[in-house]
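Here's the structure we're looking at; comments come further down.
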Amino acid sequence: MKSVKIYSDGRVILDGRENVFEEKGLSLLEHLYRKEVGDYPKFFKMDVLCKLGFIASELLLKGESDRFTPREDRAVLLFGTCGPLCNDRNYQATVRDYPSPSLFVYTLANIVTGEIAIRNKYKGESSFFILDAKDEDIIKNTIEEAFQDPVTQEAVTGWIDCRSEDDFEAEIELMVK
Amino acid sequence: MDLIETLKTQIIEALNLDGMTPGDIDETQPLFGDEGLGLDSIDALELILLMEKNYGIKLKNPAEGKEIFKSVNTMADYIAKNRTK
Amino acid sequence: MTKVYKIADHAVTPLASGSKENFNAVLEGKSNLKLHEGTFGVKEPFFASLFDREEVLRNAENEGIRGYSFFETILILACKGAIEKSGIDASSSDTVFVISTIKGNVEALGEGSKDVLPATSARRVAEFFHNPNSPVTVSNACISGLAALIQGQRILRRGGARNVVVAGAEVQSAFIVTGFQSLKALSPTQCMPFDASREGLNLGEAAAAMVLGTSETDWELVSGAIRNDANHISGPSRVGEGSYNCLRAVVQDKDELAFISVHGTSTAYNDEMESIAIERAGLLDIPAGALKGYYGHTMGAAGILETIVSMKAVENGVVIGTRAFSGNLGVSRPVKIDRENRKTTKQAFVKLLSGFGGVNAALLCRRKTGGEK
């Protein structure tokens, strides 16, 4: 697979071929998890941003041979506007009484890149960039810049944004230097 | 419902152990490590919170958790002895 | 490859305003870390280094900065100081801003506006300086500051700008403090990096900025690397995997190193992990030091602030002592930590950081030999 797009309205586009699911929002991600993954229960501990990034990367990388062999040459570089905003609201709701450690760790924007690195044993660069809007030029340039690192030969990269649990999209691809 | 069954339900909910029912958890089985439920350090902190929220138990030192959280049985024992609510 | 240099810098912290002023305060062993009770409405007392907000806002207003959140205000103050010293034209389309923060304006959460988004703050900061370009915000947990410096370096190497203003800031809030409390990661007293009695970290507030360019100056940002442990989202690798890989990637000649400026958060796992990474990289004989005992963990500002102070240390021939270290090393590898300031004649250092999400970063900075003090 070269590219994966997931939209909260139920559309899932794999290498340009579109499927439309009845499930929407968070239910779509959970449906895709059960259908396509199923053996990584940590998924249910993730916030919506991580669930989205995780599922998109699973669809992207599923068929790869030698998939879980540790490697340093593949980076994870993701871009978005809202970052962990949805989960920030969930954590904020616990602050007064019993602040939740498992919600708090997901208030960091880069956890989604970390979850993908951990799942796939990627020991290369992982970075999350926050942009004011989806600016294709900045994204393209930033990826090109990341390839300046001589160790980085490939990257799971793209746009991932969650306004709410019912309003999100991920458009990611596997890029080669 | 007895304490062990209640506790299992609370653990499943607090730790988002999706798809599990109380019947799936063996109360003698280790909660942490590679066998058993395979929980991690954040889960341990959530268990500490669970005891504080539901049973009014405040662990001063998180290291105490190691003994308490060996299994659902050891956790239930500790709660029965120390609960304030 | 194009060489990248530091043109100017500025740090605004609860200790002092100005890079030199901060270095001098650190050299004298000063800190603003203290116990806060009831601050931000947080029930449990916590030990932290916080700004006197009224004073900062007064100073900012005198400099014509008003109508911004506190987070934006300290970011602008740091940028303004660095830009004025550098003499660059910040309003030029050849200048790009790179911002570093972890939680930015999270205090505004729940007010239902876009003010909470770090990208909104970044845009306002760039607009303050009439800069026409869209800024990039790097949000990579505790390595954000170094990741932003590395990003600035890369933009210049690509030829994407003539100058890059890299600025990082963090303000504390009930959100962050209770989060670290829930992780049981905070020390009830002064944090003690690498010490046998360490009990956790202290949080801190700061803003720091650096202007980078390609015209030669005394300081070169030589090489940087970001690596993931691929281990756990909140626990560092027990074998120091990512930090070791970063050190391996950036260190060229270990004999040129005055010191390694370690992360040294003072949590049990972090400091132990760093000692292992340093051993694996063959750098145990290089002096090491942590700045957290002066500033606490300033999160999104840490990478830039600690790089600035480390540069000043090299310029003054000093390996800064690790404040609050008792002499009783509490990690398994014999890292060369000392509480006293030591002398050095070497002209390069490595800044090392690591953070949640499994991230690690290192940056090698080298001073031109024979450079002015």
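Proteins get letters first, then strands, A, B, ... in listed order; numbering begins at 1 in each.
In terms of heavy atoms, A:Pro101 sits closest to C:Ser182 at CA-OG, 3.2 Å. Closest approach of C:Asn228 and A:Gly114 over heavy atoms only: ND2-CA, 3.9 Å. Contact record, C:Ser139 with A:Asn110: O-CB, 3.5 Å, taken as the closest heavy-atom pair.
Residues from residues 61-93 of chain A that place a non-hydrogen atom less than 4.5 Å from a non-hydrogen atom of chain C comprise A:Glu72, A:Thr81, A:Cys82, A:Pro84, A:Leu85, A:Asp88, A:Arg89, A:Tyr91, A:Gln92, given in numerical order. Contacts between residues 5-34 of chain A and chain C, defined by a heavy-atom separation under 4.5 Å, are made by no residue at all.
Per-residue heavy-atom pair counts under 4.5 Å with chain A were compared for C:Leu117, C:Ile233, C:Val138, and the maximum is reached by C:Ile233. Ranking C:Lys43, C:Gln151, C:Arg157, C:Met1 against chain A, the residue ahead of the rest is C:Gln151, based on heavy-atom pairs under 4.5 Å. No other option in A:Thr152, A:Ile111, A:Asp135 has as many heavy-atom pairs under 4.5 Å with chain C as A:Ile111. The most heavy-atom pairs under 4.5 Å with chain A, out of C:Ser134, C:Ser234, C:Gly358, come from C:Ser134. By number of non-hydrogen pairs under 4.5 angstrom with chain C, the leading residue of A:Glu144, A:Lys42, A:Arg119 is A:Glu144. For the set A:Ile118, A:Thr113, A:Thr142, A:Ile116, the entry with the most heavy-atom pairs within less than 4.5 Å of chain C is A:Ile118. Ranked by heavy-atom pairs under 4.5 Å with chain C, the first of A:Ser102, A:Pro150, A:Ala117 is A:Ala117. The choice from C:Asn360, C:Val136, C:Ile143 that makes the most heavy-atom pairs within less than 4.5 Å of chain A is C:Val136. Of all the listed residues (A:Ala109, A:Ser126, A:Ala133), the one sharing the greatest number of non-hydrogen pairs under 4.5 Å with chain C is A:Ser126.
Looking only at side-chain heavy atoms (C-beta outward), C:Glu241 and A:Lys123 come within less than 4.5 Å of each other. Two residues are said to be in side-chain contact when any heavy atoms from C-beta on lie closer than 4.5 Å; A:Thr107 and C:Phe175 meet this criterion. Residues C:Arg227 and A:Asp149 have side chains in contact (heavy-atom distance under 4.5 Å, counting atoms from C-beta outward).
Atom OH of C:Tyr269 has 12 or fewer heavy atoms from other residues, nucleotides or ligands within 6.0 Å. Residue-environment remark: CZ (C:Arg162) stays at or below the threshold of 12 foreign heavy atoms within 6.0 Å. Other residues, nucleotides and ligands place no more than 12 heavy atoms under 6.0 Å from the CZ atom of C:Arg238.
For A:Phe129, the parts lying under 4.5 angstrom from a heavy atom of chain C are both the backbone and the side chain. Contacts between A:Ser100 and chain C at a heavy-atom distance below 4.5 Å involve the backbone alone (N, CA, C, O). Heavy atoms of A:Ile138 lying under 4.5 Å from chain C belong exclusively to its side chain. Contacts of A:Arg96 with chain C are made by backbone atoms alone, with heavy-atom separations under 4.5 Å and no side-chain atom involved.
Applying the side-chain contact (heavy atoms from CB on, under 4.5 Å) test between A:Pro99 and each of C:Thr178, C:Leu183, C:Val42 identifies C:Thr178 as the sole match.
A donor-acceptor contact under 3.5 angstrom links the side chains of A:Ser127 and C:Asn140, judged on distance only.
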Could you check A:Gln148 against C:Arg158 for side chain to side chain contact (heavy atoms under 4.5 Å, CB included), going step by step and ending with a plain yes or no? CA-CA 9 Å; A:Gln148 286 174 17; C:Arg158 184 178 58 81; 3.9 Å; yes
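The CZ atom of A:Phe104 lies 7.0 Å from the CZ atom of C:Phe356; values are rounded to the nearest 0.5 Å. Taken from CG in A:Leu108 to CE in C:Met299, the straight-line distance is 7.5 Å, to the nearest 0.5 Å.
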